[in-house]
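What follows is one structure encoded as structure tokens, with my remarks underneath.
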Protein chains: 2
Amino acid sequence: MKNKALQEQRIRGYFIDATKEILKSEGLKSVSVRNIAEKAGYSFATLYNYFKDAKDLVFLCVQDFQEECSAHVATRSAKAARGEKKLRAILLAYLEYFVQYPGIFELFFMEKLSDLNKQPDTAPMITGFLDKLCEEEWKYLVANKTVTTAAAANKKVALLYGLSGLLLLYINRQTPSGYPAFLKTANTFIDSQLKDMTT
Amino acid sequence: MKNKALQEQRIRGYFIDATKEILKSEGLKSVSVRNIAEKAGYSFATLYNYFKDAKDLVFLCVQDFQEECSAHVATRSAKAARGEKKLRAILLAYLEYFVQYPGIFELFFMEKLSDLNKQPDTAPMITGFLDKLCEEEWKYLVANKTVTTAAAANKKVALLYGLSGLLLLYINRQTPSGYPAFLKTANTFIDSQLKDMTT
DNA sequence: TTGAAATTTGAACAGTGTTCATTATTTTTG
DNA sequence: CAAAAATAATGAACACTGTTCAAATTTCAA
């Protein structure tokens with residue numbers, strides 16, 4: 001009787017779609033049990049039959065948003081020449097996506113994950129996301145002896161932490177103030193991290 | 001009639017102290033208008049006679065916590081030799097403070113500031129805090145020609161963003177997992193940023 | 001002491017999440 | 001097909017949240 005499972009998955013999908021819609025339009029602050037349920041066409045109580053939490057539901061959107069971000073990064077970095085150029089394009093497109101959707105940055109990096117979310121390991125999925133986006137280019141650079149594996153590893157984490165902090169302060173503390181200044185700071189930071197590829 | 005002003009300031013102090021107490025013990029999630037007021041010994045409605053918001057009140061704690069953090073950094077870095085050693089000690093003590101009080105990191109970097117908080121410019125106060133802590137050491141290093149002013153400026157921002165991101169991911173996403181791993185990552189990152197002081 | 005001004009307060013309202021007994025629907029069985 | 005059993009959907013209820021405002025209280029000067 002797999003109809004049961006199919007129907008159940010469909011209904012879960014309605015709730016997830018409703019949540020995604022709210023997240024992208026009104027943002028995380030407008031996500032509420034009653035809000036989601038209304039958009040999904042069910043009572044708020046029904047949500048609890050399919051999900052432990054609204055938070056639980058919210059974190060199920062992470063994968064979808066990652067795919068969307070991946071697509072955005074892919075198109076924005078398609079023209080760039082392989083290697084460092086492409087890596088730079090990927091990093092900038094990554095920043096661009098979160099600047100466009102601050103609510104998704106909030107969801108990825110600021111929202112506390114509830115206990116059940118630890119089960120499907122949402123946290124490593126998020127922290128490993130940038131690595132996955134850059135994976136191919138780092139491989140390429142290591143293969144071409146532009147950078148050593150060890151140096152690449154260091155640069156990867158420095159970029160992850162640096163870009164996370166940059167987005168955090170830009171989105172939450174208006175530092176730098178204004179998108180042009182943000183872009184300039186981002187480029188300067190990426191420059192400094194990609195220098196001395198063999199160090 | 002300056003008694004008026006004095007008494008008013010005293011009462012404001014009761015509310016601020018209550019808020020600080022809650023922030024350090026239960027954390028930001030437990031900060032509520034009724035919660036603060038009860039600890040302060042007043043009705044929840046009274047809070048609105050002295051502050052626009054509970055958020056407003058919360059951000060008034062920033063300065064006090066910065067002073068506390070400064071003191072912690074000072075004692076923890078007192079023994080270090082001037083220059084790079086001391087700079088490292090400052091950075092590690094800075095991290096240490098926020099790891100000890102994740103609620104204060106939340107307040108400094110994650111909590112959205114309301115409109116009134118933009119008036120006393122809380123945001124630059126927060127983003128400039130690390131710079132202020134390190135100011136003397138950077139001056140020393142520049143004076144000793146260990147690093148150029150331009151290179152120092154770049155390293156300052158890279159450290160600010162990197163450490164912010166590191167704390168963000170450690171506190172919110174358990175990455176790295178465990179304090180020893182966190183310390184190792186922090187040291188590696190600081191190493192990479194302080195290398196090539198003349199570049 | 002009295003009256004006016006200032007301060008403190010709780011009621012009220014609109015939100016929030018969550019649980020659970022009741023209702024409605026669907027599925028299975030006779 | 002009809003009755004019974006299983007499943008799913010629901011809204012009432014409770015405990016919170018922030019915020020406003022008229023009423024109660026306190027303060028203080030005349």
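Just so we're on the same page: letters track the sequence lines, and every chain starts at 1.
Salt bridge annotation for B:K85-B:E137: absent, with no cationic side-chain nitrogen under 4.0 angstrom from a carboxylate oxygen. With respect to A:E68 and A:K24, a salt bridge is recorded, a charged nitrogen being found less than 4.0 Å from a carboxylate O.
The distance from atom CD1 of A:I36 to atom P of D:dA9 is 16 Å, rounded to the nearest whole Å. Here the P atom of nucleotide C:dT16 and the CG atom of A:L28 are 14 Å apart, to the nearest Å. To the nearest angstrom, P of D:dG18 lies 14 Å from CG of B:D56. With rounding to whole Å, A:K55 atom NZ is found 16 Å from C:dT16 atom P. For the pair B:E38 CD and D:dC16 P, the computed distance is 12 Å after rounding to whole Å. Per the geometry, CZ belonging to A:R10 stands 13 Å off P belonging to D:dA9, to the nearest Å. One atom, NZ of A:K29, and another, C1' of D:dT17, lie 18 Å apart when rounded to the nearest Å. C:dT26 atom P lies 16 Å from atom CG of A:L6, rounded to whole Å.
With B:K155 contributing its side chain and B:K195 its backbone, the two residues share a donor-acceptor pair below 3.5 Å. Here the side chain of A:R12 pairs a donor or acceptor atom with the backbone of A:Y50 at under 3.5 angstrom.
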Contact letters for nucleotides 5-14 of chain C, in which S counts primed atoms plus P, OP1 and OP2 and B counts the base, heavy atoms under 4.0 Å: --SBBBBB--

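Geometrically, A:R34 engages A:F44 in a cation-pi contact defined by less than 6.0 Å to the ring centre and at most 45° from the axis.
Taking the six-membered ring where tryptophan is involved, the planes of A:F129 and A:Y94 are tilted, since the angle between them lies from 30° to 60°.
Here the options are B:Y97, B:F98, B:F105, the test is ring-ring contact (aromatic ring centres under 6.0 Å, His included), and the partner is B:Y101; only B:Y97 passes.
In the set D:dT19, C:dT18, C:dT16, the nucleotide with an atom closest to the side chain of A:Y48 is C:dT18.
Residues satisfying the salt bridge (charged side-chain N to carboxylate O under 4.0 Å, His left out) criterion with A:K112, sequence neighbours excluded, are B:E106.
Remark: A:E26 CD is packed, more than 12 non-hydrogen atoms of other residues, nucleotides or ligands lying under 6.0 Å away.
At its two ends the helix from C:dT1-D:dA30 to C:dG30-D:dC1 runs along axes set 30° apart, each axis drawn from five pairs and the angle rounded to 10°.
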